[in-house]
Every structure is written in C-alpha cells, then in structure tokens.
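Each remark here refers to the structure printed beneath this line.
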Amino acid sequence: MSKMGTKCVQGGYTPKNGEPRQIPIIQSTTFKYDTSEDMGKLFDLEADGYFYTRLANPTSDYVAKKICEMEGGTAAMLTSSGMAASFLAVFNICSCGDHFVSSSAIYGGTYNLFAVTLKRMGIDVTFVSPTASEEEINSAFRPNTKLLFGETIANPALDVLDIEKFAHVAHKNGVPLIIDNTFPTPVNCRPFLWGADIVTHATTKYMDGHGSAVGGAIVDSGKFDWTKYPDKYPGLCTPDESYHGITYTERFGIEGAYITKAVAQLMRDLGVAPAPMNSFLLNLGLESLHVRIKKHCENALAVAKFLEANENVAWVKYPGLDSSPDKPLVDKYLKDGTCGVVSFGIVGGREAASKFMKSLKVIAIETHVADARSCCLHPATATHRQLSDKELEECGVSPDLIRVSVGLEDAEDLIADIDAALKNI
Ligand code: PLP
C-alpha cells in the first residue's frame, strides 16, 4: 500500500476470510490462557499476544499500526492523550539529572509539562526559538542533553519548524529529534522524510477530527541508532532489571527498542493506556483524514484571506497564505497543505477580542482545534493564562491573538459569521 489515502482507509488491519470488515472493539481488560507457562512467555516478551489492556489491546494495536504506516515508521503505540504521548516520548529517554532542548513554539500544555512538571522531576529543558540558527540551537546543548523537540506547526503560534535544520543539529550532537506532528498530520507532512527520529501526535485533533476522543500516539522511525551511545541511553542499551533483565536494543533492534521500552516499562507503570472504544473512534476519524484535512485547509485559506483584507484585523497568521513569512518552509515541508487553524490579532486588543467572540453564532468558543465544527479561542485568557507575558511572547502568543480552528462547514457561512462579529466590535 503506497498511497496515503489507502493507508488512512485500510492501513493497520487486514481481515482474514470471514473476519469483521471493521476493526473489532476488544472491550476487555484481560485475556485468558490455558497454562501459566503460556502467559509467562508473554510477560518475558518471548511470544506475541495480550494479557492486560493497560499494556496492550488488539483494537488499539490495529490503530497504532495504521498511524505507523501513515508516518512511515517501524513501531508505534497509542496513549490516552496527546500530553501522555509527549510525556512518554521524553521520559522514555530522559531521567532525573538529564537535560533536553525544545523549540519554544509549542503547545502551551507541552510547554508547561517541560518547563514545570519535568523540571520538578529533575529533568531540565532549554527552550530555543524555532527560528534560531544552527549555532544558537547547538549552544543550548550540554553533555547530559538527551533529545531535541519541536512541533511541525506550532499551536497556537503557527510557526513552521525547519525540521531538517533541527534534525541536523540533533544528529550532530548524537541525540534524536522528536517532532509533534499533530497539526499537519502525516497526510500533509511526514517528518521522518526530513530527518526526525520520533513523531508524537495528539490524535484528539485532526486524526479523530470529530471532538469524540482524547488520545495520543508515538511513532518511531527506527533510524536512530541508540547502540552508538550506550552510556547516554542506558535504559535502552543495558538490561532492564524491572523487566526480566531485557536489553531492549538487543532483543528488539533499533527498529523496536524505543516503543517496546515505552510500553513494557512506562505504560506498565504509568497506565496512560487508551480505552479500546476510543481507539475504535480514532480509527473512524483516520478513515476520512485525507479527505477532511484538504477541506480544513481550503476553508482556512478562504477565512485567512478574508481576515487579511478586513480593516478590523491587525494581522493574520496562517502558514498557507502567500504572505506568510514561513512560505519557503511551507513550500518545502507542507506542499500538500498546512492545517485548518488561523490566528489573527483584532484591532482593539483584549476588549475587542471578547466582544468579537461573544457575537459569533456559527463558530463556538472552545478549548479545542481540529474539529469538524469550527471553534475559536483567546489563548491569553484561556489555555495560556498560566504563562507570564515573557513566556507568552516566547510561545508566539500576543494578548490580542484569536485562534480560529476552521471546520468543515461551508466557508461562506464561516466568513459571514466572522464578518458580522467583526462589525460588532
Ligand atoms: N500537542 C499539540 C500540538 C496540541 O495541540 C495538543 C492539544 O491541544 C497536545 C499536544 C496535547 O494533546 P491532548 O489534549 O490530547 O492531551
């Protein structure tokens, strides 16, 4: 299967003769065995199979396999949320006393996870601007730096990351590049083609696409050779005494070590597993992702162009606009489209933003993006309210910024709604 649309529809699950056409929902916490020895082989990771849904479940595995195929990876797992995916992706190779480098233009929740919660766990982060030069990114590295992190299209700043530049610096320093690819999805960008080593997703967004199920995914490209740096990645390259003395790289190779460790160790201990029903819902979303994301992008471009020409709008940021400063990066990494999210600054600042949002009839106020239904948010008073002005600036969020997640309604209706609300400020 080579084309993305076919992967979206049929990837991950091929029924045999007489089996269900749709992926089965295995809504069971546990699995039955005839002998203890049979089950023991599963615990030792010597046989494939399932024993407890906190670690693995067939429904979730079908969907992880589909996302893995879409990203072009070698192994993948689902998590109960996008935050869980970001946390596990980092914590799988960072321990107390370690350090990592991240683009500062990332989702506010991820920023907080990195700057506050991981710091409390003894894991230090240095943020760099997504537009920093290779030298500047390089200078943030320390001897104990374990990874570099960024978002393909930052939420809500909408900056496009120069993935190749970040991958180059990461690899020069002997660490993997982890990319949160939530906004473009693999339909519009496949970071592994540009040197990223691990990709994360908030599947809650376009992949689910209907505001139905919170979820996350982690995919490994299988390209980063942990065994070249055994002292830096002891968790992958030396025996895991908490898991029968397995050395993940020896048993599963560089293609499978990272995800196997994340499942066997972190999922076991932290329990951030998705519900099988949520994995099923996610799969329904994935089946139409390639069709939906195109329409999200078309509608977002129409809305962005309308906003650009409106006198009550101070500025518009949409990576798909010809006027976007990120156009060269879009032409390189996002040829098929960017995302459905548009940010703009309203003339009159915070007060006008509040009036504008109250007047909308079709577009709802929500802490969400990437839904079939259009929604909008004022991050400075909502998702990002815990950040200081300086931190807001670092994330690319100004106090007048309104984020509109353009849905799948008719663009004419959305533009009429925005037009009427702008006349009302
Ligand atoms: N990454 C990005 C880019 C996001 O936009 C979000 C949520 O908005 C997350 C991660 C976190 O995902 P979740 O809300 O599913 O935990």
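Counting convention: from 1, in listed order, for ligands and their atoms alike. This one's a predicted model, so the numbers in the text were calculated from it and none came from an experiment.
Not a single side chain to side chain donor-acceptor pair (under 3.5 Å) links Ser221 to another residue, sequence neighbours left out.
Contact atoms of ligand 1 toward Asn155: 4 (C), 5 (O), 8 (O) (distance under 4.0 Å to a heavy atom of the residue). Here is the list of ligand 1 atoms found below 4.0 Å of a heavy atom in Gly82: 11 (C), 12 (O), 13 (P), 15 (O), 16 (O). Each of the atoms 15 (O) of ligand 1 lies under 4.0 Å from some heavy atom of Gly215.
Of the protein's non-hydrogen atoms, the one nearest atom 8 (O) of ligand 1 is Lys205 CE, 3.0 Å. Looking only at protein heavy atoms, the nearest one to atom 10 (C) of ligand 1 is Asp180 OD2, 3.5 Å. Closest to atom 4 (C) of ligand 1 among all protein heavy atoms lies Tyr107 CG, 3.6 Å.
Side-chain atoms of Asp326 and Ser324 form no donor-acceptor pair, as typed in the model, at a separation below 3.5 Å. One side chain, Arg268 or Ser242, offers a donor N or O that lies under 3.5 Å from an acceptor on the other.
On a distance-only criterion, Ala202 and ligand 1 share no N/O pair closer than 3.5 Å. Considering backbone and side-chain atoms together, Ser86 places no N or O closer than 3.5 Å to any N or O of ligand 1. Annotation: Met83 places an N or O atom under 3.5 Å from an N or O atom of ligand 1; distance criterion only. Considering backbone and side-chain atoms together, Thr204 places an N or O closer than 3.5 Å to an N or O of ligand 1.
Between Phe149 and Phe114, the ring center distance clears the sub-6.0 Å criterion. Remark: aromatic rings of Tyr243 and Tyr248 are distant, center separation not under 6.0 Å.
We find that Asp61 and Lys65 are not joined by a salt bridge, their nearest charged nitrogen and carboxylate oxygen being 4.0 Å or further apart. Salt bridge present: Glu164 and Lys332 bring a charged side-chain N and a carboxylate O closer than 4.0 Å.
Contacts between His368 and ligand 1 below 4.0 angstrom, taking non-hydrogen atoms only, are absent altogether.
Listed by first then second residue, pairs satisfying salt bridge (charged side-chain N to carboxylate O under 4.0 Å, His left out) with a partner in residues 133-142 read Asp124-Arg142, not counting sequence neighbours.
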